[in-house]
Amino acid sequence: MSVDRGKEPAEHGSSGDPPPSPSRYESQKRRDWNTFGQYLRNLRPPVHIFQCNSNHVLEFLRYLDQFGKTKVHLQGCIFYGQPEPPAPCACPLRQAWGSLDSLIGRLRAAYEENGGSPESNPFATSVIRVYLREVKECQAKARGIPYKKKKKATKGGEDSSST
C-alpha cells in the first residue's frame, strides 16, 4: 500500500507541471487559424497562408456560408424584413454577421501572432471591413432589425445627446 504524500505547490514554469490550458478564445483562434490554413491548402493550386490576400479571405467567408444557421430572407420573400416570420420559407441559411466579425478578429490576431506583418494582414484590409458592413446591413434589412450607429464620444467622455 503506497502512501500519498502531499506535494508542495510548485511554481509556475517548473518542468513537471502541465502548461495551463488555453482560454476558450485562444482555443477558438487556433482552430480558426488551422481551418483557414486547411482551406488554403485545399485550393487548386494551394496557397501558402502568408501568400494569401483579401480575395482569399472573402472566398473563405463565402465558403463558410454553406454551414450557416441564420435564415437570411431574400428581397423577393414574403417574410423579408420581418424579425420573426410566422412560417418557414426557402430562403438560404447563412453565417451570422456577428460570427463572421468575430472570426475575422481572431484570424487577424492569429495572422500577426504567427509571424505575419500588420501591414500585409489580409484580414485587416478595408475590403474585408466593407464586406462585413455589407453583410451586417443586408442581414439587418432581411430581418427588419435596424442597427444604429454608436455615437462617438466627445472629448469630455460624454456623447453629444446627453445635454
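Residue numbers count from 1 along this sequence. Reckoned from all heavy atoms, side chains included, excluding hydrogens, waters and symmetry mates.
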Q: With a 6.0 Å cut-off (strictly less than), is the heavy-atom count around CD of Gln66, excluding the residue itself, greater than 12?
A: yes
Q: Side-chain donor-acceptor pairs under 3.5 Å in residues 104-114, sequence neighbours left out?
A:
| unit_1 | atom_1 | unit_2 | atom_2 | d |
| --- | --- | --- | --- | --- |
| Arg106 | NE | Asp32 | OD2 | 2.4 |
| Arg106 | NH2 | Asp32 | OD2 | 2.9 |
| Tyr111 | OH | Ser120 | O | 3.4 |
| Tyr111 | OH | Ser120 | OG | 3.3 |
| Glu112 | OE2 | Asn121 | ND2 | 3.1 |
| Glu113 | OE1 | Lys29 | NZ | 2.7 |
| Glu113 | OE2 | Lys29 | NZ | 2.6 |
| Asn114 | ND2 | Ala110 | O | 2.7 |

Q: Using the side chain to side chain contact (heavy atoms under 4.5 Å, CB included) rule, pick out the option among Val57, Val127, Ile128, Leu58 that qualifies with Pro122.
A: Val57
Q: Under 4.5 Å between side-chain heavy atoms, counting indirect links through other Ile/Leu/Val/Met/Phe/Trp/Tyr residues: same cluster for Leu93 and Ile78 or not?
A: no
Q: Quick one: does any side-chain atom of Gln139 pair with a main-chain N or O of Trp97 as donor and acceptor, under 3.5 Å?
A: yes
Q: Assess whether atom CD of Glu84 is packed by more than 12 heavy atoms of other residues, nucleotides or ligands within 6.0 Å.
A: no
Q: May I have the step-by-step check of side chain to side chain contact (heavy atoms under 4.5 Å, CB included) for Tyr80 and Lys141, ending in yes or no?
A: CA-CA 8 Å; Tyr80 182 81; Lys141 285 178 188 173; 3.4 Å; yes
Q: Using the side-chain hydrogen bond (donor to acceptor under 3.5 Å, both in side chains) rule, take Asn55 and Glu59 through it: C-alpha gap first, then chi angles, then the decisive distance, then the call.
A: CA-CA 6 Å; Asn55 289 329; Glu59 290 169 14; over 6 Å; no
Q: Using 30° and 60° as the class boundaries, would you call the ring planes of Phe50 and His48 parallel, tilted or perpendicular?
A: tilted
Q: Does Lys69 form a side chain to side chain contact (heavy atoms under 4.5 Å, CB included) with Ser99? I'd like the steps, not just the answer.
A: CA-CA 11 Å; Lys69 297 176 184 156; Ser99 299; over 6 Å; no
Q: With hydrophobic residues grouped by side-chain heavy-atom distances under 4.5 Å, do Tyr39 and Phe67 end up in a single group?
A: yes
Q: Linking I/L/V/M/F/W/Y whenever any side-chain heavy atoms sit under 4.5 Å apart, do Phe60 and Phe123 land together?
A: yes
Q: Determine, stepwise, if the pair His56 / Leu43 fulfils side chain to side chain contact (heavy atoms under 4.5 Å, CB included).
A: CA-CA 10 Å; His56 295 108; Leu43 293 177; 3.9 Å; yes
Q: Dump the intermediate steps for side chain to side chain contact (heavy atoms under 4.5 Å, CB included) on Leu103 and Leu61, then the final yes or no.
A: CA-CA 9 Å; Leu103 170 68; Leu61 295 176; 3.9 Å; yes
Q: Are there more than 12 heavy atoms of other residues, nucleotides or ligands under 6.0 Å from atom OH of Tyr63?
A: no
